[in-house]
Student: 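Dropping a structure here in structure tokens format, bear with me for questions.
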Protein chains: 2
Amino acid sequence: MNKKKVPQGTISRLFEYLRELKNLSIINIRTVSSSELGERLNLSDAQIRKDLGYFGSFGTSGAGYNIEELKKALEKILGKDKAWNICIVGIGHLGSALLGYPGFKDHNLYVAAAFDSDLKKVGRTVGNIIIEPIEKIKSIVSSKRISIAIIATPANTAQKVANDLITSGIECIMNFAPIKLDVPENVKVEDVDLSHALENLTYFANNEK
Amino acid sequence: MNKKKVPQGTISRLFEYLRELKNLSIINIRTVSSSELGERLNLSDAQIRKDLGYFGSFGTSGAGYNIEELKKALEKILGKDKAWNICIVGIGHLGSALLGYPGFKDHNLYVAAAFDSDLKKVGRTVGNIIIEPIEKIKSIVSSKRISIAIIATPANTAQKVANDLITSGIECIMNFAPIKLDVPENVKVEDVDLSHALENLTYFANNEK
């Protein structure tokens, strides 16, 4: 299976399917048809079959999907059956907040390291994580088997940090710095651009009356 | 002018045009044609003329745009010529970080109030902002002329908070809670969904090899 061929929309919907299957499982429902699942999510049954079709053949015609089996299959596809170590680079206001963000563990993500270039911060402990100097990115990413990095640095250092992370083997980056990172094709960047959202709201506030 | 008719892409590009005009202004350039501006931003001159056309007629054929004039016009359209008061609801990890977020003032946004439902937090000062009880949303939004609200509560209280804000006259919401808010048509919500970004990265980490 090549991830490049799976559309972004399909990936997002697989997470929706998984959440809904968990809801059904909690109320002891054992099987669900694509049209029932579609109705609950306001999607067509054809859409659901198409999305699942990227990953193989699930369910039996007429009987629908076995909820436990499909749940397990989706957890495996989506990486929800494992834990992932992440690191945070840039421990300013935002980075500190992220170090204490309780939402990570809902996604089986564990903050295993934090880095900052400011030597006054290095050595301090936030939560139970010691802030390390950015020179140690390579050795720690490797020794702690970190798969996902979060960049929470200012814009002017984000690209250098991204380069260091990529050289260290990181292929998944969540970027809070308000710049477009230049990365190789095999690296996935998810931008969380607060500026963009704030600009849209300011425009709307100015033009709403 | 009706904001509903202006496409989202146009609004985003207007902010790009404004940034680029400021860059040109700094190096003392006085006029720019749509094709020169387009070249700098990797956009066609027709696109630029079309985007600006939503807001009137700018520039003179042959002479291009007067940079100072277009800059001022865009600042006015985008609400960058005024300051906007914002409030933050939910002063947990994320809300606290946002209270100290230095990026707001780059957008002429000023945190004028903070609210939390936890009475242990109410009355505490973060930065120079006193945390108020959520029962005071209506009176404070009105007395401090707050235009934009940021919801940083857990998912299960976000809709109630949104309802309170909307009743208080708020029409622009930045939502960090991982739920889709149900709001009237005249209310603009910008979702910043960290879960969605994290899920995509987990999928990618799991399928990259």
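Just so it is clear: chains get the letters A, B, ... in the order the sequence lines come, proteins before strands, and each one is counted from 1. What you are looking at is a predicted structure, and each value in this text was computed from that prediction instead of being measured.
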Student: Given that the side chain runs from C-beta out, which part of A:I148 has a heavy atom under 4.5 Å from chain B: side chain, backbone, both or neither?
Tutor: side chain
Student: Which distance, rounded to the nearest 0.5 Å, do you find between the OG of A:S12 and the NE2 of B:H196?
Tutor: 3.5 Å
Student: Are A:F204 and B:I11 packed together at the side-chain level, in the sense that at least one heavy-atom pair is separated by less than 4.5 angstrom?
Tutor: no
Student: Does any backbone or side-chain atom of A:L109 lie under 4.5 Å from a heavy atom of chain B? Answer side chain, backbone, both or neither.
Tutor: side chain
Student: If you count heavy-atom pairs under 4.5 Å with chain B, which of A:L78, A:V189, A:D106 comes out on top?
Tutor: A:L78
Student: Where does B:S96 contact chain A at under 4.5 Å (heavy atoms): side chain, backbone, both or neither?
Tutor: neither
Student: Quick check: closest heavy atoms across A:V192 and B:A197, and the distance to 0.1 Å?
Tutor: CG2-CB, 4.4 Å
Student: Would you compute the distance between atom CD of A:E190 and atom CG of B:N200 and round it to the nearest 0.5 angstrom?
Tutor: 4.0 Å
Student: Check this for me: B:I29, atom CD1, are more than 12 non-hydrogen atoms of other residues, nucleotides or ligands nearer than 6.0 Å?
Tutor: yes
Student: Please round to the nearest 0.5 Å and tell me the distance separating atom CG of A:L198 and atom SG of B:C172.
Tutor: 11.0 Å
Student: What distance separates A:N206 CG from B:E75 CD, expressed to the nearest 0.5 Å?
Tutor: 11.5 Å
Student: Working to the nearest 0.5 Å, report the span between OH of A:Y203 and NZ of B:K80.
Tutor: 14.5 Å
Student: Where on A:K82 is there a heavy atom nearer than 4.5 Å to chain B: the side chain, the backbone, both, or neither?
Tutor: side chain
Student: When only pairs under 4.5 Å are counted, which of B:E199, B:H107, B:K76, B:K188 shares the most heavy-atom pairs with chain A?
Tutor: B:E199
Student: Do B:L201 and A:W84 come within less than 4.5 Å of each other through their side chains, counting heavy atoms only?
Tutor: no
Student: Please state whether the side chain, the backbone, both or neither of B:L194 comes within less than 4.5 Å of a heavy atom of chain A.
Tutor: both
